[in-house]
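Chain letters run A, B, ... following the sequence lines, proteins first and then strands; every chain starts at 1. Model, not experiment: these values are computed from the prediction.
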Amino acid sequence: MDPTYDPQKIEAKWQARWAEQKLFESEVDTTRQKYYVLEMLPYPSGDIHMGHVRNYTIGDALARYMWMKGCNVIHPIGWDAFGLPAENAAIKNQRHPSEFTFNHIDRMRGQLKRLGVSYDWRREVATCVPEYYRWNQWFFLRMLERGLAYRKKSRVNWCPSCETVLANEQVVNGCCWRHEETPVVERELEQWFWKITAYAERLLEDMKDLVRWPERVLSMQQNWIGKSVGAEIDFTVNGIGERLRIFTTRVDTIFGCTAIYLAPEHPLVQKLISFRPDPEKLRQEAAHVKASAVRARVDVNLEKQGVDTGFTARNPFNGENVPIWIANFVLMEYGTGAVMAVPAHDERDFDFSVKHGLPIRTVIVPRDGEVPQKLEAAYTESGANGRLVNSGPYDGLTPEQAIEKMTRDAEAKGFGRGTTQYRIKDWGISRQRYWGTPIPVIYCDSCGIVPVPDKDLPVILPPDVKLTGQGQSPLASVPEFVNTRCPNCNGRARRETDTMDTFVDSSWYFYRYTSPHIDTAPIDKEAVHYWFPVDQYIGGIEHAILHLIYMRFFTKVMQDIGLVDFSEPVARLFTQGMVIKDGAKMSKSKGNVVDPTVMFAKYGADTVRLYTLFAAPPARDFDWSDSGIEGAARFLMRSYRLVAKYAAQRASRGGGHASGSGSSKWELDQLSPEERRLIRKTHQTLRHVTEDLEGRWHFNTDVAMAMELANELGELEKAIDEGKVRPEILKNSLEYLVLVLSLFVPHIADELWEGLGHAEPTLRIPWPAYDPQYAAEDELEIPVQVNGKLRGKIRVAVSVSETEIRERAQAEEKVAQFISGRQVIKIILVPKKLVNIVVR
RNA sequence: GCCGAAGUGGCGGAAUUGGCAGACGCGCUACAUUCAGGGUGUAGUUCCCGUCAGGGAGUGGAGGUUCGAGUCCUCUCUUCGGCACCA
């Protein structure tokens, strides 16, 4: 063992040795408990960033712990390799996207290896190769077979910067998720969709199994799916006899309906205009409302505007005729695009009615209460405590009862029905870009849409394509690709030229890791059966409703086609906080980026890893501090010197290789005070770290405990040198310190471990059990309170194996000195913590 | 507006079941290391009063439960995140 601490040298040495020993490779082994540690796969952007370092360091600590616990650990990594940045770079530099992508992968692979993460590199997957994306196409065909893929012309989100369509999930605050400054515009396009809405209920329902997922993620997904239970009611448009269907969650208030509002895009609008004697005026006004609605999508607090169509609709419940308005706040995409206005019990309807002088009728009043005098307050009284009034046969019912009865009645009479609406929309997967999976579909003039047969997969992305980024599918300009034969009739046909959303790639990559090279199916069922579910998934919160909902959807489809026999792929999810600098997200434009590779060069990878774990609990955001990392570096240097010193002494005594870690037992009363102190601290550290890794995951406190143990060793240095601590006890403590460190700083730990005389790397060493006897306090200074006031302390020598009874007796003996003759009412003794004497 | 998370020293944070608030680290101060700087070591470092001894206050705010509250309950303020004219 080298007495001088040179992290670069140590890290290179151990990385080479681990690779040579194939230390992180695992295979299916049904005799052993498996454990699947998964981190979200990176996009090969060129260089890893601190978020990656944090993500993979957390995963690595867990993976190493599980290895040492004796589990058969799978810990894979891959590349989310399709996507726009490579295509854009390719356009700019007149090169091929694959060139960028593979260069970046090579570079980032090197950086990850430099970080020393325990990956099984044989399982590496890149999503941009035909061996992978052919299975995206295969899944597409299965979706098509099951009616889950369909083509539809619709208004879609278009990002002018990406020059392509975006899914709803990829629009954030009206802007593109990649271009936060670029507002999304709407375009009418023919697109492929995947019917995720068919799984909305199951996505909600199965959340009950995700007990080890963060509440936050589940609630975000729940919001996103946006289930609301209500009813559709058919009104009739007077004069033209047309049916007008509305959706409401509050059918109980329908007797308070004083108008119908249509979304500006509602198909009935054009019809009503045409029936007007003076169509032009209404047409202009309607266009005006529509324009304001478009603005309202960007600016949410825009004023409510509307126009009366002059037509009325008949309320089937009471036969009343109410005016039909066009209103800018009604969404065509939600429900039926038409709503009933109940101004007395809905704030928006109230505002609108006041503005346009529409009547307001209260139909729900508080139980035993009076009709509210102030109309503004009325809509607050529509809750569970209310009773219906002015509602004909339904008077006196609670809203809950009324909803049920009115829905039943509407169904019986045929003018309505109970329905459920979801906010989530089908997943639009078509992208008008090149660097993605070709959609395996052929258009034939005589046969229509024809799926590419399985035997013809993969549909290879043609390498020679002129990339312009001009907003149309680049594949359309490659005749050899486009022009093909119909698999049905062998007639002339054209291929689909759009590619798939890259979120398709990441929806199932973690299955592929378990059998990355199989070429007869997307996954090997046996391997998946053994390794799944993923025991621990770790990644950023930003994917809460993108990747993490698509992935769940995909698994359910896979279950339905018999590929897997479970419905949720991830048992436990951990979302780490962001790495920020000076209170802001790191970004090139802000110039506050901390480059991990620069830090590796300056401090070594272990120091960077240690600092990212130590600075904050993993779930929280952490603000990078350049001086903070110095502390981590100092600690490692100190620990290294400490162990090196005793390793050197050992070597000079001629110690050869030792076997395993010494788990010797010592009688407590035969230990010197220094030995007791050291052993206690050692086992306390072990206890803390073990319990923390079993669930709490506050790695910052684990590192702090290791620091305390090292500090304790430092403080005892003189006593140790004087021989007050037996060498075997010292060695035992040092070994446990090193094993704890091996989770966080594996290179240095292995170097130290070797220095302590062990041949095997720490990963192969069983995680040591702490001994509760040693971990317990054995001599305590207990604060004594009288009537809750701190009055002093007593020293109580508590044998660690003793019970509370003994402690109580000792405490009571000593209590007298604190009460000076007053009557004791009770003594509250918190074991090992505190004595409180309550006196009169 | 709805949902979720969080408020503790100069800073990052600790206190797992209510039991010595501020572990660990950064920063700072003093001293040592026979120049400076750096490094390293030692001591100190919540605030206020006090030379010391010691005393008082203190976990966003106001109440409450309890012998005892950062932790539990009620109300409230602030910050961050998600959803949002969703009928």
### Task
For D351(A) and A87(B), give me the distance from atom CG to atom C1', rounded to whole Å.
14 Å
### Query
Nearest to the side chain of F329(A), which nucleotide is it out of C85(B), G12(B), C86(B)?
C85(B)
### Pair partner, C31(B) [Watson-Crick or wobble, under 3.5 Å]
G41(B)
#### Entry: Rounded C1' spacing from G4(B) to A84(B) in Å
15 Å
### Length of the CG-C1' vector between L548(A) and G82(B), whole Å
14 Å
### Task
For C20(B), give its Watson-Crick or G-U wobble partner with both distances under 3.5 Å, or none.
none
### Query
Would you say R620(A) reaches A14(B)'s phosphate, i.e. side-chain N/O to OP1/OP2 under 4.0 Å?
yes
### Query
Who does C26(B) pair with, Watson-Crick or G-U, both distances under 3.5 Å?
G10(B)
### Syn-anti status, with the boundary at 90° from 0, for the nucleotide G9(B)
syn
#### Entry: Pairing nucleotide - A84(B), Watson-Crick or G-U, each distance under 3.5 Å
none
### Query
With a 4.0 Å cut-off, would you call R417(A) and D234(A) a salt bridge?
yes
### Cation-pi, W224(A) ring and R552(A) (6.0 angstrom, 45 degrees)
no
### Query
Taking the side chain of E215(A) as its heavy atoms from C-beta onward, which of A87(B), C24(B), G4(B) lies nearest to it?
G4(B)
### Summary
From CZ of R638(A) across to C1' of G39(B) the rounded distance in Å is 14 Å
### Task
Answer yes or no: are there more than 12 heavy-atom neighbours, outside K718(A) itself, under 6.0 Å from its atom NZ?
no
### Task
Could you tell me whether the phosphate oxygens of G27(B), OP1 or OP2, come under 4.0 Å of any side-chain nitrogen or oxygen in R634(A)?
yes
### Query
How far, in whole Å, is G22(B) from A14(B) if one measures between their P atoms?
15 Å
### Query
Can you tell me how far C1' of G25(B) sits from CD of E708(A), to the nearest Å?
11 Å
### Complement of G70(B), any strand, by Watson-Crick or G-U distances under 3.5 angstrom
none
### Message
Could you check whether F635(A) and F614(A) have their ring centres less than 6.0 Å apart?
### Response
no
### Message
Check R54(A) with D621(A), please: is the shortest side-chain N to carboxylate O separation under 4.0 Å?
### Response
no
### Query
Are N700(A) and A14(B) close enough that a side-chain N or O sits under 4.0 Å from OP1 or OP2?
yes
### Query
Given A87(B), is OP1 or OP2 found less than 4.0 Å from the side-chain N or O atoms of S228(A)?
yes
### Query
More 5' along RNA chain B: Y422(A) or P617(A), using each one's nearest nucleotide?
P617(A)
### Summary
A616(A) has its side chain closest, among C26(B), C24(B), G13(B), to G13(B)
### Message
OP1 or OP2 of U40(B) versus the side-chain N and O atoms of R641(A): is any pair under 4.0 Å?
### Response
no
### Task
Tell me, please, whether F352(A) has K304(A) positioned over its six-membered ring: NZ or CZ under 6.0 Å from the ring centre and within 45 degrees of its axis?
no
#### Entry: Gap between atoms CD1 and C1', on I424(A) and G82(B) respectively (whole Å)
15 Å
### Message
With a 4.0 Å limit, can you tell me whether R216(A) has a side-chain N or O closer than that to the phosphate oxygens OP1/OP2 of A6(B)?
### Response
no
### Summary
Taken to the nearest whole Å, CD/Q221(A) to C1'/G82(B) is 12 Å
### Message
Measuring only the P atom in each nucleotide, how far is A62(B) from G70(B)? A whole number of Å is fine.
### Response
13 Å
#### Entry: Length of the line joining H698(A):NE2 and G12(B):P, which is rounded to integer Å
17 Å
### Query
For A87(B), does OP1 or OP2 lie under 4.0 Å from any side-chain N or O of Y261(A)?
no
## Note on the structure
Taken to the nearest 0.5 Å, the spacing of K227(A) NZ from E201(A) CD works out to 3.5 Å
### Residue mapping more 5' on RNA chain B - nearest nucleotide basis, S219(A) or I545(A)
S219(A)
### Under 4.0 angstrom between N711(A) side-chain N/O and A23(B) OP1 or OP2
no
#### Entry: Rounded interatomic separation in angstrom, taking CG from L610(A) and P from G13(B)
16 Å
### Message
Under 4.0 Å, heavy atoms only, any strand: does D349(A) hit a base, just the sugar-phosphate, or nothing?
### Response
nothing
